[in-house]
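Take a look at the structure set out below.
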Amino acid sequence: MEKQSSKVHTRQRILSEAVRVIRETGTKGISVAALMKRVGLTHGGFYAHFASREALVEEVLKHMFHEASTFKPAVSVTQPAPKLAGFIDRYLSEAHRNAPAQGYPLTALVSEVAHLSQPTRQLFAQGVDALHTSLILQRSQAALKQRTLELMA
């Protein structure tokens, strides 16, 4: 059981470092050997955790979009517009621009999408759609709740 836990931990270390590197330099920014060196492991050890470099990139995208889904604005029922504006301001801020390792997948990868494999492009598109839908739903739900409150008053 401990060996399995160690393998999961090692995989997570590789994935976390790959997320950081890909956000900073894009998918072409690092080789498997260089990534594994950054994590302190051998190149050959990579394949115990990922079937291929492409599989790693796909996992990185999934991870990045999952993280991005947690950055959603807290839309207020009574004032959704200022909350959404705050979210946009944070997204466009110098702090966000100057910290690419913590940025959104859109910022990091939009210029590379055309060069990714079809399955990876599809994952990217699904992630973008999910973020877009989430923002629209939050805004729509807040507006609907506000309208309901107005009608009930």
Side-chain angles (χ1 to χ4, degrees), residues 1-76 80-142 144:
M1 188 67 153
E2 189 174 314
K3 186 175 183 176
Q4 183 66 16
S5 175
S6 176
K7 184 172 181 174
V8 169
H9 176 71
T10 300
R11 186 179 196 281
Q12 187 57 45
R13 283 179 39 219
I14 296 166
L15 183 61
S16 294
E17 188 61 25
V19 166
R20 186 175 8 270
V21 171
I22 287 175
R23 278 191 171 127
E24 291 174 347
T25 63
T27 58
K28 303 294 184 204
I30 194 164
S31 66
V32 169
L35 173 65
M36 294 303 281
K37 184 176 182 179
R38 286 177 69 135
V39 180
L41 300 169
T42 65
H43 177 241
F46 172 84
Y47 297 99
H49 302 281
F50 299 95
S52 65
R53 186 177 187 285
E54 186 66 26
L56 171 68
V57 171
E58 289 176 5
E59 284 299 312
V60 166
L61 274 178
K62 290 175 189 175
H63 183 83
M64 289 169 74
F65 278 108
H66 174 75
E67 279 185 345
S69 72
T70 66
F71 298 152
K72 293 180 287 199
V75 177
S76 166
K83 296 288 186 178
L84 189 56
F87 170 75
I88 292 167
D89 287 345
R90 283 189 302 280
Y91 180 80
L92 297 175
S93 71
E94 278 186 55
H96 183 255
R97 182 197 68 205
N98 293 339
Q102 286 83 42
Y104 279 89
L106 295 172
T107 311
L109 297 172
V110 73
S111 65
E112 293 189 38
V113 173
H115 305 287
L116 299 174
S117 70
Q118 179 59 34
T120 307
R121 282 197 312 265
Q122 189 170 357
L123 273 175
F124 185 86
Q126 289 169 352
V128 170
D129 286 345
L131 285 175
H132 181 250
T133 300
S134 175
L135 288 172
I136 288 172
L137 286 176
Q138 284 189 7
R139 173 74 191 236
S140 297
Q141 288 172 347
L144 179 61

Worksheet item: How far apart are the closest heavy atoms of V128 and F65, and which atoms are they?
Response: N-CE2, 3.5 Å

Discussion item. Side chains of E59 and K62, heavy atoms from C-beta outward: is any pair under 4.5 Å?
Written reply: yes

Worksheet item: Can you list every pair that meets side-chain hydrogen bond (donor to acceptor under 3.5 Å, both in side chains) and has a residue in residues 109-118, with sequence neighbours left out?
Response: T27-E112, E54-S117, S117-T120, Q118-R121

Worksheet item: Hey, does L116 have a side-chain heavy atom less than 4.5 Å from the side chain of L123?
Response: no

Fill in: Inter-residue atom distance I22.CD1 - K28.NZ, 0.5 Å rounding
10.0 Å

Worksheet item: Nearest heavy-atom pair of V19 and M64: which atoms, and what distance?
Response: CG1-CG, 3.9 Å

Worksheet item: Does the side chain of M36 come within less than 4.5 Å of I14's, by heavy atoms?
Response: yes

Item to complete: Could you tell me whether the side chain of L56 reaches within less than 4.5 Å of the side chain of F46, counting heavy atoms only?
Response: yes

Discussion item. Taking salt bridge (Lys or Arg N to Asp or Glu O under 4.0 Å) as the cut-off, I'd like each qualifying pair that reaches into residues 8-21, sequence neighbours left out, listed once.
Written reply: E17-R20, E17-R38

Practice prompt. For residues G26 and L109, report the shortest heavy-atom separation together with the two atoms involved.
Written response: CA-CD2, 4.4 Å

Worksheet item: What distance do S31 atom OG and K37 atom NZ have between them, rounded to the nearest 0.5 Å?
Response: 10.0 Å

